[in-house]
Amino acid sequence: MSLSGKSVLLIIGGGIAAYKSLELIREIKKRGGAVHAILTKAGSEFVTPLSVASLAGEKVFTDLFSLTDEAEMGHIELSRSADLVVVAPATADLLAKMAHGLANDLASTALLATDKRVLVAPAMNVRMWTHAATTRNLATLKKDGVLFVGPDEGEMACGEFGPGRMAEPLAIADAIETALGSKPSGKGPLSGKHVVITSGPTHEPIDPVRYIANRSSGKQGHALAAAAAAAGAKVTLISGPVSLPDPHGVKTVHVETAADMLGAVEHAMPADLAIFCAAVADWRVKTEAKDKIKKQKGAPPPSLALDPNPDILATIATRKKGRPALVVGFAAETTDVLTYAKGKLASKGCDVIVANDVGAGTEVMGGDANIVHLVTVRGVETWPKLPKTEVATRLIAEFARLLPKKS
Ligand code: CTP
């Protein structure tokens, strides 16, 4: 693994973990990368500009309104000249500024002005990390495609214990390599291609506390996203509610309902390859109750009137204009797997159906292994039982082969 030829803009926020950023600079340089650093005013209370500049071997930037800094490298150029922007430590304040698009110092201005991917390593007190405001900001940033590494759990400088410790410099450097390795300019069979993938279940609200859902874990879809990124693609993963971390190097968009998922997929277009792995709820409740539905003594249970959800796969596969060159659907069945899969290949208008048996006893849903059948107009190919990550790598290699050369 190497960072040679890569350049990182490192933004050092004001937290005790800033001392670890000095080690991070050494690690990036050891791996062959170059570092430009911005030290926030609060950051300079913890580490000095001189130590940062000495380790980086470059001038450290601190002030938005410095005439000398602007003359040497303007804040816009600073924010764009790197291959990746890394914020470590990312304090609660910096995350809040990023989530709200504030730009009142050099660090936040560079973050708003950049056209590069951003990787953040949060570090803060456990209560700040678990505060509702930080949770909201994180959700916004994840939706915006910001990448995260850490935080770790453990004893903190303030004496409390829990999540909030900045990830170790080695782990951050690995995350930097992963994020940069997945750039479309990277080598790999999908280099230069845009891949859109849906994953996980959808939740269809009944009232403010209840929803219709299914057992999908998102493991297979998320593994496909990671495999496509490793194959050099630019990947947009549209994920329903899952408890998995966002894969490194992948733009992950979080949605709840099938309608939102369709909207996010259409927004992510155009794509060369679209893989629909999500277990989309077929129906949604006709009218979501505004308040929690209460039991009425002696009254029968309420009945739910349902409306059909849009079929996301069929909508994209039958597009007249801007159809991805290769459209892949999944078929999770409990009986007559191949018969249903062949039917879906025809009825949905896709090029490949990846079929699997999710019946009781197979432990596919939520489990770590999968037996898949590849169904195309040319026939059926059945693969042995494999870990979902291995299934993902093989499927991505297969789709890269099937992709028309001039898509
Ligand atoms: N799919 C979709 N949008 C839906 C329903 C399904 O995009 N509203 C996609 C799934 O992501 C999958 C394929 O269609 O790639 C088949 O999904 P599946 O749930 O197996 O089939 P359904 O079309 O829902 O049919 P049924 O539930 O009757 O088996």
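Counting convention: from 1, in listed order, for ligands and their atoms alike.
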> Do ligand 1 and Phe276 have nitrogen or oxygen atoms that lie under 3.5 Å from each other?
yes
> For atom NZ of Lys143, is the number of surrounding heavy atoms from other residues, nucleotides or ligands below 6.0 Å larger than 12?
no
> For the backbone of Leu111 and the side chain of Thr114, can you confirm whether one donor and one acceptor N or O come within less than 3.5 Å of each other?
no
> So which of Leu262, Ile312, Asn214 gets nearest to atom 3 (N) of ligand 1, if we judge by its closest heavy atom?
Ile312
> List the steps, then state whether salt bridge (charged side-chain N to carboxylate O under 4.0 Å, His left out) holds for Arg394 with Glu390.
CA-CA 6 Å; Arg394 291 192 188 198; Glu390 178 66 22; 3.0 Å; yes
> Is the closest heavy-atom distance from Ala258 to ligand 1 below 4.0 Å?
no
> Given the protein's heavy atoms, is any one of them under 4.0 Å from atom 27 (O) of ligand 1?
yes
> Quick check on Pro310 - does any of its heavy atoms sit under 4.0 Å from an atom of ligand 1?
yes
> Between ligand 1 and Thr198, is the shortest N or O to N or O distance under 3.5 Å?
no
> Nearest heavy atom to atom 17 (O) of ligand 1 wins, so pick from Trp283, Phe330, Tyr340.
Phe330
> Please confirm whether Ala279 approaches ligand 1 to less than 4.0 Å, judged on its heavy atoms.
no
> So that I can tick it off, tell me whether Asp351 and Arg323 are bridged by a salt bridge, with the cut-off set at under 4.0 angstrom between side-chain N and carboxylate O.
yes
> Under 3.5 Å between some N or O of ligand 1 and some N or O of Ala331?
no
> Which option, Leu313, Asp311, Asp282, owns the non-hydrogen atom nearest atom 24 (O) of ligand 1?
Asp282
> When you measure from atom 6 (C) of ligand 1 to each heavy atom in Lys344, Arg284, Lys348, which option holds the nearest one?
Lys348
> Is the closest heavy atom of Met261 to ligand 1 under 4.0 Å?
no
> Step through the shown structure and confirm whether more than 12 heavy atoms of other residues, nucleotides or ligands are within 6.0 Å of OH on Tyr340.
no
> Any idea which atoms of ligand 1 are less than 4.0 Å away from a heavy-atom of Ala278?
10 (C), 11 (O)
> Which ligand 1 atoms, with their elements, are less than 4.0 angstrom from a heavy-atom of Gly329?
15 (O)
> Quick check: does Val280 get an N/O under 3.5 Å from an N/O on ligand 1?
no
